[in-house]
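What's counted below: heavy atoms across the whole structure, side chains too, no hydrogens, waters or symmetry copies.
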Amino acid sequence: TQSIQMPMAMQYRVLRDNYRTYSVVRRSPIHGCGLYAARRLEKDSMVVEYMGERIRDILTDYRERMYDARGIGCYMFRIDDDYIIDATMKANQARFMNHSCEPNCYTRIVNPDGVKRIIYFASRVVLEGEELTVDYKMPIEDVKIPCYCGTRSCRGSMN
Ligand SMILES: [Zn+2]
């Protein structure tokens, strides 16, 4: 089991070896399928890396149009100005983490091994069986995507 006292590189190696045992995908009352804690997760421990294809920023518009034309739901997560993780075709279970206005995970871009990576961390102790959620922090837009997180502080929409 990992400890937050471990250096980031060591925490990341533990994550890579063990993340499949930390969470499981199941139907969610929030939306579609969600990600659930498969064991107790400690506060500020790494839960899962958002994995996919690492693509350059200039490719994202093209890919979004291609997925849209084929009716494929698009899953992209920006790392920085230059790179994006595209989890639409190649992904791990991190893609299934739903949005909540009162989340129990947070996102950090970390560089544990010379590569910038998107990692979800637990923001508190999470017990086995709880749904794992994160604030998507979507930009505010006129066309609202409704939120069904069901928490007391729900903002009503994800954007
Ligand atoms: Zn909400």
Out of curiosity, does [Y] fall in the hydrophobic cluster containing [X] (side-chain heavy atoms, cut-off under 4.5 Å, transitive links)?
{"X": "Met76", "Y": "Met89", "result": "yes"}
{"X": "Tyr36", "Y": "Ile30", "result": "no"}
{"X": "Ile109", "Y": "Leu15", "result": "yes"}

Ignoring hydrogens and geometry beyond distance, is a side-chain donor-acceptor pair present between [X] and [Y] at under 3.5 Å?
{"X": "Tyr83", "Y": "Arg56", "answer": "yes"}
{"X": "Arg95", "Y": "Tyr50", "answer": "no"}
{"X": "Asn92", "Y": "Glu49", "answer": "no"}
{"X": "Asn104", "Y": "Tyr120", "answer": "no"}

Could you tell me whether a side-chain N or O of Asn98 sits under 3.5 Å from a main-chain N or O of Thr133, the two making a donor and an acceptor?
no
For Asn18 and Val14, indicate whether the former's side chain and the latter's backbone hold a donor-acceptor pair under 3.5 Å.
yes
Closest non-hydrogen atom pair between Val48 and Tyr19, with its separation:
CG2-CD1, 3.9 Å
So which atom in Ser28 and which in Gly34 form the shortest heavy-atom distance, rounded to 0.1 Å?
CB-N, 3.6 Å
Does the side chain of Tyr106 come within less than 4.5 Å of Asp44's, by heavy atoms?
yes
Note, Ile145 side chain near Ser157 side chain (heavy atom, < 4.5 Å)
no
What residue pairs, at least two apart or across chains, pass ring pair (Phe, Tyr, Trp, His ring centres under 6.0 Å) with a residue in residues 122-146?
His99-Tyr136
For Tyr148, the other hydrophobic cluster members (4.5 Å side-chain criterion, sorted by chain and number) are none
Heavy atoms of other groups near Lys144 NZ, more than 12 under 6.0 Å
yes
To the closest 0.5 Å, what do you measure between [atom1] ([X]) and [atom2] ([Y])?
{"X": "Met51", "Y": "Ile119", "atom1": "CE", "atom2": "CD1", "answer": "9.0 Å"}
{"X": "Ile85", "Y": "Phe77", "atom1": "CD1", "atom2": "CZ", "answer": "9.5 Å"}
{"X": "Glu141", "Y": "Met158", "atom1": "CD", "atom2": "CE", "answer": "11.5 Å"}
{"X": "Gln93", "Y": "Arg20", "atom1": "CD", "atom2": "CZ", "answer": "7.5 Å"}

Checking side chain to side chain donor-acceptor pair (under 3.5 Å) for the pair Asn111/Tyr12: CA distance, chi angles, key distance, verdict?
CA-CA 9 Å; Asn111 187 340; Tyr12 182 66; over 6 Å; no
Using the side chain to side chain contact (heavy atoms under 4.5 Å, CB included) rule, pick out the option among Asp61, Ile55, Asp57 that qualifies with Leu59.
Ile55
